[in-house]
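Comments concern the structure below.
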Amino acid sequence: MPFDLSGRIALVTGGASGIGEATCYTLASAGALVYVADRELDGAERVAAAIRSAGGQSAAMRVDVTVESDCAEAADTVTAAHKRLDVLVNNAGIGHVGTIHQTTGADLDRLYTVNVRGVFNMTKAFIPGMIARHAGAIVNTASIGGIIGIKDRLAYCTTKFAVVGLTKCLALDHAMDGIRVNCVCPGRVETPFVKQRLKEYPDPEAAYREMAATQAIGRMGTPEEIAASILYLASDEAAFITGSALIIDGGWSAGT
Ligand code: NAD
């Protein structure tokens, strides 16, 4: 069976909502035991319980990816229970709307701390175990805003370009350690993250239509469509893929 993760241990950050939540369900359906890691423990527990009630294996953990000791504790917990982590999905991220005029230094630092340091912290915590076993797949959630600039998204794009760079450097540094590192670059995906952004516009309905029209195919993506690509990159079918930034944007950037 393709994309089979039976017997694999996976951890998804930001697993309590949106793309992360869909990724937890998709990886669990493929047979993985999934740790749902999120700073919102209630949400993580809800997702883990849904997986278990569908017959899968899952546990929730409270992890704030910006806190190094949380990341180290997560690695200790997973290693103590299973002696390994096969798949790490660094998905937790936050957004911000604004040009440089509407972006404070504190906004930029906040986004950098979650979107970049968060990926760095989790990878630093788990990669020694992967190196020791000479195996592992890491998938980071970047964005199409890590490939092309987006108007009014100064801080967000800055951090997502950094996630693409981090992905490529990790891939090069650890290719001979048996570890693959890739990222997905979604266009607009209808999640609580985007719904929150829409509230920041004076006319949210007009903004919704405009956001949908940004994609060449005229709609936003679904969390499940992004999760399917994350599963692919995590699976053995992607054994020859490392350092890739997979664009899943409904054609948004096709003309650029
Ligand atoms: P979401 O807001 O629905 O979910 C994000 C989850 O991350 C939440 O459960 C939140 O609690 C968690 N989180 C936030 N900060 C955290 C932290 N410090 N530690 C642990 N967990 C934390 O968002 P989403 O739309 O599913 O986005 C997920 C990822 O996809 C983000 O990295 C985002 O930048 C990226 N992305 C989203 C879109 C989109 O259109 N939705 C497009 C491209 C990329």
Side-chain angles (χ1 to χ4, degrees), residues 5 8-30 32-52 54 56-67 70-71 74-75 77-78 85-95 111 113-123 125-126 137-146 156 159-160 163 166-167 181-197 220-235 246 248:
L5 296 188
R8 306 280 168 92
I9 312 299
L11 184 148
V12 181
T13 70
S17 175
I19 294 169
E21 177 174 357
T23 301
C24 290
Y25 298 142
T26 297
L27 300 185
S29 296
L33 184 158
V34 178
Y35 281 93
V36 184
D38 205 288
R39 67 179 174 189
E40 303 294 337
L41 183 58
D42 288 354
E45 278 174 343
R46 177 183 58 77
V47 173
I51 291 171
R52 289 194 300 270
Q57 301 175 81
S58 187
M61 49 169 61
R62 206 206 69 82
V63 177
D64 183 335
V65 297
T66 68
V67 178
D70 276 16
C71 302
T77 302
V78 174
L85 182 73
D86 300 299
V87 176
L88 171 63
V89 181
N90 287 311
N91 164 81
I94 56 172
L111 260 75
T113 305
V114 179
N115 295 358
V116 185
R117 269 303 293 274
V119 176
F120 175 92
N121 289 342
M122 285 298 282
T123 304
F126 280 97
I138 301 174
V139 185
N140 300 323
T141 307
S143 167
I144 195 58
Y156 184 70
T159 63
K160 292 300 185 176
V163 172
L166 186 50
T167 300
V181 190
N182 293 289
C183 63
V184 290
C185 299
R188 286 186 169 121
V189 181
E190 208 166 329
T191 65
F193 175 93
V194 161
K195 287 178 186 146
Q196 190 56 38
R197 296 280 79 72
M220 294 197 212
T222 65
E224 292 72 23
E225 287 169 329
I226 311 308
S229 293
I230 293 174
L231 168 61
Y232 169 56
L233 290 172
S235 74
L246 179 59
I248 319 163

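Sequential numbering from 1 along the given sequence is applied to the chain's residues. All heavy atoms count here, side chains included; hydrogens, waters and symmetry mates do not.
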How long is the gap from [atom1] on [X] to [atom2] on [Y], to the nearest 0.5 Å?
X: L166; Y: F120; atom1: CG; atom2: CZ; value: 8.0 Å
X: L85; Y: T77; atom1: CG; atom2: OG1; value: 11.5 Å
X: K160; Y: L111; atom1: NZ; atom2: CG; value: 8.5 Å
X: I19; Y: E224; atom1: CD1; atom2: CD; value: 10.0 Å
X: S17; Y: K195; atom1: OG; atom2: NZ; value: 9.0 Å

| query | Going through the distances and angles, do M122 and L88 end up as a side chain to side chain contact (heavy atoms under 4.5 Å, CB included)? | reply | CA-CA 8 Å; M122 285 298 282; L88 171 63; 4.2 Å; yes
What closest approach, in Å, do [X] and [Y] show between heavy atoms, and which atom pair accounts for it?
X: A125; Y: C71; value: CB-O, 3.6 Å
X: A10; Y: A32; value: CB-CB, 4.2 Å
X: A60; Y: A48; value: N-CB, 3.8 Å
X: A74; Y: V63; value: CB-CG2, 4.0 Å
X: I226; Y: I248; value: CD1-CG2, 3.8 Å
X: V87; Y: A234; value: CG1-CB, 3.7 Å

Counting C-beta onward and ignoring hydrogens, is there a side-chain heavy-atom pair between [X] and [Y] closer than 4.5 Å?
X: L27; Y: L5; answer: yes
X: S143; Y: Y156; answer: yes
X: L11; Y: V78; answer: yes
X: I51; Y: C24; answer: yes

Do any N or O atoms from the side chain of [X] and from the backbone of [Y] form a donor-acceptor pair under 3.5 angstrom?
X: E225; Y: T222; answer: yes
X: N115; Y: I94; answer: yes
X: D38; Y: A16; answer: yes
X: D86; Y: I9; answer: yes
X: R52; Y: S58; answer: yes
X: D70; Y: D64; answer: yes
X: T113; Y: T66; answer: no

| Worked verdict on Y35 versus V12 for side chain to side chain contact (heavy atoms under 4.5 Å, CB included) | CA-CA 6 Å; Y35 281 93; V12 181; over 6 Å; no
| said: Ignoring hydrogens and geometry beyond distance, is a side-chain donor-acceptor pair present between N182 and T167 at under 3.5 Å? | reply: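 Looking only at side-chain atoms, T167 and N182 do not form any donor-acceptor pair under 3.5 Å.
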| said: Let's go through M220 and V189 carefully: what are the C-alpha distance in whole Å and the side-chain angles of both, what is the deciding distance for side chain to side chain contact (heavy atoms under 4.5 Å, CB included) to 0.1 Å, and is it a yes or a no? | reply: CA-CA 5 Å; M220 294 197 212; V189 181; 5.9 Å; no
| message | For a side chain to side chain contact (heavy atoms under 4.5 Å, CB included) check, start with the C-alpha distance between N90 and V139, then their side-chain angles and the critical distance, and finish with the verdict. | response | CA-CA 6 Å; N90 287 311; V139 185; over 6 Å; no
| request: Indicate yes or no: does R62 engage E40 in a salt bridge with an N to O separation below 4.0 Å. | output: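 Between E40 and R62 there is no salt bridge, as every charged N stays at least 4.0 Å from the carboxylate O atoms.
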